[in-house]
Protein chains: 2
Amino acid sequence: MPSASATSTVRAGSSPGRRGRPGYDQQSVLNIAVEVFNRHGYDATSMGILAENLGISKSAIYHHVPSKEDLLALALEQALGGLESVWDAPESQSGTAEHRLEFVVRSTVQVLTERLPFVTLLLRLRGNTETERAALERRRSFDRKVAELIAEARAEGTVRTDIDPRTVARLLFGTINSIVEWYRPGGALTSEKLADDVVAVLFDGLHTRS
Amino acid sequence: MPSASATSTVRAGSSPGRRGRPGYDQQSVLNIAVEVFNRHGYDATSMGILAENLGISKSAIYHHVPSKEDLLALALEQALGGLESVWDAPESQSGTAEHRLEFVVRSTVQVLTERLPFVTLLLRLRGNTETERAALERRRSFDRKVAELIAEARAEGTVRTDIDPRTVARLLFGTINSIVEWYRPGGALTSEKLADDVVAVLFDGLHTRS
DNA sequence: GTCTATATGTTGATAGAC
DNA sequence: GTCTATCAACATATAGAC
């Protein structure tokens with residue numbers, strides 16, 4: 001399973017390899033910015049609100065990043081990079097379609113939880129700017145690959161055929177993506193158990209089995 | 001099943017009982033406004049953009065509605081009213097928990113498709129204002145009732161017990177709510193077939209059954 | 001029911017000192 | 001790396017004519 005590099009550092013000072021005093025570096029500004037974007041919504045977050053949350057002035061932000069939109073682009077790159085890395089793992093490329101599909105579902109859940117705030121931001125985009133539209137296109141490309149996998153599993157006979165494959169794909173993404181709306185790391189539910197649960201519900205359903 | 005009254009009228013002129021010439025009435029302004037809100041996001045939609053989409057001036061909007069936030073409140077009332085009406089039907093109040101849960105899932109899908117743009121707006125709220133927070137609280141109240149139903153079905157032995165009931169509820173809502181992100185009425189997929197598909201996937205899973 | 005102003009505040013971003 | 005001060009653009013909303 002591809003491992004997304006940790007993005008837990010909040011303030012620059014706590015970064016292992018970093019010298020110098022207080023202040024922020026770009027990554028630590030980004031981490032807080034994404035959190036604030038998710039809390040208020042990207043559009044509703046002004047540079048003023050962001051500055052308050054950072055504890056610095058509006059202008060100081062522009063020392064670290066050229067614009068609000070660049071902040072968004074940086075965040076989306078972290079989300080998309082993580083998702084796309086799912087396809088680098090050999091388990092996503094060989095084996096039965098059923099196995100590859102389950103692997104991709106598990107990996108996607110893993111990326112969602114590891115890069116939770118970044119993927120959350122991605123999943124809430126409306127496509128208002130060119131930056132957003134480009135990110136949405138990369139996301140659609142990811143979705144298309146998963147849809148192909150579903151089609152293969154269907155042809156293989158391991159996925160039910162009484163439902164339109166597009167509907168199957170949509171519901172699968174709905175179930176997985178909705179995780180960002182409620183899952184919080186550090187609780188009783190580990191990301192591994194969550195992946196187990198998602199796979200169980202998606203493939204076997206909520207009913208008790210006879 | 002509770003039926004949400006139609007909200008398909010776009011321009012006032014096409015309203016059955018309406019007199020007078022062109023122009024808008026409040027409901028027709030609301031219908032277009034909600035569509036634009038969903039396309040750009042509520043915060044990103046200025047009264048200027050809205051006016052363009054309506055084909056009237058900014059100020060003219062204020063003849064129909066006191067503020068942008070009132071427009072939002074009106075829209076949310078349509079969404080929440082529809083969802084809450086699910087509990088008015090006798091089928092949601094008696095019978096096995098399994099039957100009541102399936103009925104509520106079907107009814108919710110029905111409301112989602114009938115009042116699609118309104119529910120879409122509700123599901124994307126971030127809770128920035130008092131209006132939004134009040135709506136989110138009503139939505140949480142709806143969610144809580146469904147969670148209780150899941151707990152009953154679990155006690156009844158019809159829902160699997162190897163997954164935390166809160167996770168079950170979250171995944172169920174995720175699957176259902178994600179419908180607003182892709183379903184469009186008027187296509188090949190009717191809302192009845194969609195409800196069948198959602199019930200089938202949620203309760204029996206994507207796998208072929210032996 | 002719609003319009004042309006316009007009042008009043010907030011936005012993202014820049015200039016230049018420390 | 002941060003600040004204060006400032007800008008033009010754009011926001012929501014109002015006043016009053018047609």
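A quick note: this is a predicted structure, and the numbers were derived from the prediction, not measured. Chain identifiers are assigned alphabetically (A, B, ...) following the order of the sequence lines, protein sequences preceding nucleic acid strands; residue numbering begins at 1 within each chain.
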**Message:** Is it the case that over 12 heavy atoms from other parts of the model lie below 6.0 angstrom from the CZ atom of B:Arg166?
**Reply:** no
**Message:** Any carboxylate oxygen within less than 4.0 angstrom of a Lys/Arg side-chain nitrogen, looking at A:Glu84 and A:Lys145?
**Reply:** no
**Message:** Would you say the ring centers of B:Trp87 and B:Phe142 fall short of 6.0 Å from each other?
**Reply:** yes
**Fill in**
Rounded to whole Å, the CG-P distance (A:Leu50 to C:dT11) equals 12 Å
**Prompt:** Can you tell me how far P of C:dT11 sits from CD1 of A:Ile49, to the nearest Å?
**Reply:** 6 Å
**Interatomic distance, A:Ile61 atom CD1 to A:Ser67 atom OG [nearest 0.5 angstrom]** = 11.5 Å
**Complete:** Atom CE of B:Met47 and atom P of D:dA9 are separated, to the nearest Å, by 23 Å
**Whole angstrom value for the distance that separates C1' of C:dT11 from OH of A:Tyr42** = 12 Å
**Message:** Assess whether a salt bridge exists between B:Arg138 and B:Glu77, defined as any Lys/Arg side-chain N lying under 4.0 Å from an Asp/Glu carboxylate O.
**Reply:** yes
**Prompt:** How long is the line joining CD of B:Glu52 and P of D:dT12, in whole Å?
**Reply:** 12 Å
**Asked** Below 4.0 angstrom, N of the basic side chain to O of the carboxylate: do B:Arg39 and B:Glu35 qualify?
**Response** yes
**Request:** Measure from CD1 on B:Ile61 to P on C:dC3 and round the result to the nearest Å.
**Result:** 10 Å
**Request:** Would you state whether a donor and an acceptor, one from the side chain of B:Ser59 and one from the base of C:dT4, lie under 3.5 Å apart?
**Result:** yes
**Basic-acidic side-chain contact under 4.0 Å: A:Arg170, B:Glu181** = no
**Message:** I want to check something: taking the side chain as every heavy atom from C-beta on, are A:Val34 and A:Tyr42 in contact at a cut-off of under 4.5 Å?
**Reply:** no
**Request:** Grab the OH-C1' distance between A:Tyr24 and D:dG1 for me, whole Å please.
**Result:** 12 Å
**Prompt:** More 5' along DNA chain D: B:Asp43 or A:Ala60, using each one's nearest nucleotide?
**Reply:** A:Ala60
**Asked** Is the B:His64 ring parallel, tilted or perpendicular to the B:Tyr24 ring (thresholds 30°, 60°)?
**Response** perpendicular
**Request:** Find the distance A:Tyr62:OH to D:dC7:C1' and express it as a whole number of Å.
**Result:** 13 Å
**Prompt:** Is there a residue in residues 63-72 of chain A whose heavy atoms reach under 4.0 Å of DNA chain C, and which residues are they?
**Reply:** A:Ser67, A:Lys68
Is there any protein nitrogen or oxygen under 3.5 Å from a nitrogen or oxygen in nucleotides 7-10 of chain C, and what are the pairs?
none

